[in-house]
Amino acid sequence: MRRTKAEAKETRQQILLAAEKVFYEKGVAHASMEDVARAAGVTRGAIYWHFANRADLVLELYNSLPMPQEDLIARELEAENADVFGVLERVGREWLELLATDEHRQRILSILLRCDTSGEFAAISERQNDLDDEHMQALEAAFAKAEGQGKLGGAWTPRSAASMLRWVIKGLCSEWLLFGRRFDIASEGKDALHRLFATYASHAPSAR
């Protein structure tokens, strides 16, 4: 029984590796489960024993990405005298640095960015929207804390500050991944974040 479970786990991993390669090269919409089975060296039956459809495969690829240690970050931000801007800027910088060096992460995020999220792939969009909502709530709470500390400039609300940070990071990642990686995302992203956080801390006239 142990051997059977180990073999099933190995087959599952083999399928995921093949799916990553096939989806990245062909795009999810133009790749079939048969293509993945052929690349993995398994039968279609083996694919469907582990995964219901292509959307299921894409979601599992996304779930395989190590995420930032959100619990540790949350504890840092909950501290009474937390340096909210310092923590958020550091986490954003570390995310961009990780993306710049992790080819596995690059491929999976490229697959997601190019994936049609209608029809059978709607579950992918729903999953991404749920995660975006969670991150937005966490960021908004963090900026509300900075506002309570008197550190958020008058030109910003917690929601507008959180939205801008998400847009900058997602925009950097999307442009870099989809259009030829034509700039140094780690270096230029670090500079962009530093400039953005400088505006958060400014005392510009209120635009509310």
Side-chain angles (χ1 to χ4, degrees), residues 9-31 35-36 39-41 50-51 54-77 85-117 121 123-136 138-139 142 162 164-197:
K9 184 177 180 180
E10 184 177 343
T11 299
R12 181 183 177 85
Q13 187 60 29
Q14 193 174 333
I15 293 168
L16 286 172
L17 289 171
E20 180 182 324
K21 181 177 184 294
V22 171
F23 290 162
Y24 182 70
E25 291 176 353
K26 301 183 69 170
V28 178
H30 299 292
D35 292 330
V36 176
H50 289 280
F51 302 101
R54 289 175 295 176
D56 195 21
L57 263 172
V58 172
L59 286 170
E60 189 57 35
L61 284 173
Y62 185 57
N63 290 336
S64 73
L65 288 179
M67 299 302 289
Q69 294 178 302
E70 295 177 352
D71 290 344
L72 292 177
I73 295 167
R75 284 201 290 273
E76 279 190 80
L77 291 171
F85 296 156
V87 172
L88 293 180
E89 184 175 350
R90 186 198 78 228
V91 171
R93 184 178 66 247
E94 289 174 351
W95 165 257
L96 295 176
E97 289 170 349
L98 178 61
L99 179 61
T101 58
D102 187 341
E103 293 184 3
H104 171 62
R105 187 176 298 267
Q106 292 168 20
R107 286 190 294 271
I108 291 178
L109 292 181
S110 293
I111 290 167
L112 287 167
L113 285 169
R114 297 188 313 222
C115 185
D116 176 10
T117 53
F121 304 117
I124 298 170
S125 179
E126 291 171 7
R127 170 67 173 153
Q128 289 180 295
N129 288 339
D130 287 345
L131 284 173
D132 280 349
D133 289 345
E134 288 176 20
H135 292 155
M136 185 62 182
L139 286 173
M164 182 60 72
L165 180 56
R166 285 185 58 250
W167 292 334
V168 166
I169 291 179
K170 292 185 79 168
L172 280 165
C173 294
S174 298
E175 173 126 357
W176 189 72
L177 289 168
L178 293 179
F179 300 103
R181 300 175 184 144
R182 295 165 56 183
F183 59 95
D184 184 336
I185 192 171
S187 176
E188 295 189 39
K190 175 182 177 181
D191 182 62
L193 288 175
H194 187 67
R195 292 174 185 275
L196 176 60
F197 276 92

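Only heavy atoms go into these numbers, but all of them, side chains included; no hydrogens, no water, no symmetry mates. All figures in this text were calculated on a predicted structure; none of them were measured in a lab. When a residue number appears, it is its place in the shown sequence, counting from 1.
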Are side-chain heavy atoms of [X] and [Y] found at a separation under 4.5 Å?
X	Y	result
R166	D132	yes
L16	S64	no
L193	L165	yes
M164	L196	yes
L96	C173	yes
F23	L61	yes

(request) Using the side-chain hydrogen bond (donor to acceptor under 3.5 Å, both in side chains) rule, collect all pairs that involve residues 171-189, keeping only residues at least two apart or in two chains. (result) none
(request) May I have all residue pairs that pass side-chain hydrogen bond (donor to acceptor under 3.5 Å, both in side chains) and include part of residues 14-28, sequence neighbours excluded? (result)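 Qualifying pairs: E20-H104, E20-R107, K21-E25, K26-D35.
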(request) Might you work through the side chain to side chain contact (heavy atoms under 4.5 Å, CB included) test for L112 and V28, ending with a clear yes or no? (result) CA-CA 9 Å; L112 287 167; V28 178; over 6 Å; no
Point-to-point distance, once rounded to the nearest 0.5 Å, from [atom1] of [X] to [atom2] of [Y]:
X	Y	atom1	atom2	value
L59	E126	CG	CD	9.5 Å
H50	D56	NE2	CG	11.5 Å
L177	L109	CG	CG	6.0 Å
W167	L172	CH2	CG	14.5 Å

By side-chain contact (heavy atoms from CB on, under 4.5 Å), which residues pair with [X], not counting sequence neighbours?
X	value
L98	D102, R105
A142	L77, V84, L88
A55	N53, F121, I124
K9	none

(message) Using the side chain to side chain contact (heavy atoms under 4.5 Å, CB included) definition, which of the options I111, V22, I15 pairs with L57?
(response)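 Checked I111, V22, I15 against L57; only one passes side chain to side chain contact (heavy atoms under 4.5 Å, CB included): I15.
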Does [X] have any salt bridge (charged side-chain N to carboxylate O under 4.0 Å, His left out) partners at least two apart in sequence or in another chain, and if so, which?
X	answer
D191	R195
R12	E60
E94	R90

(request) Return the minimal non-hydrogen interatomic distance between A100 and Q106, and the atom names on each side. (result)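 Shortest heavy-atom separation between A100 and Q106 comes out as O-NE2, 3.3 Å.
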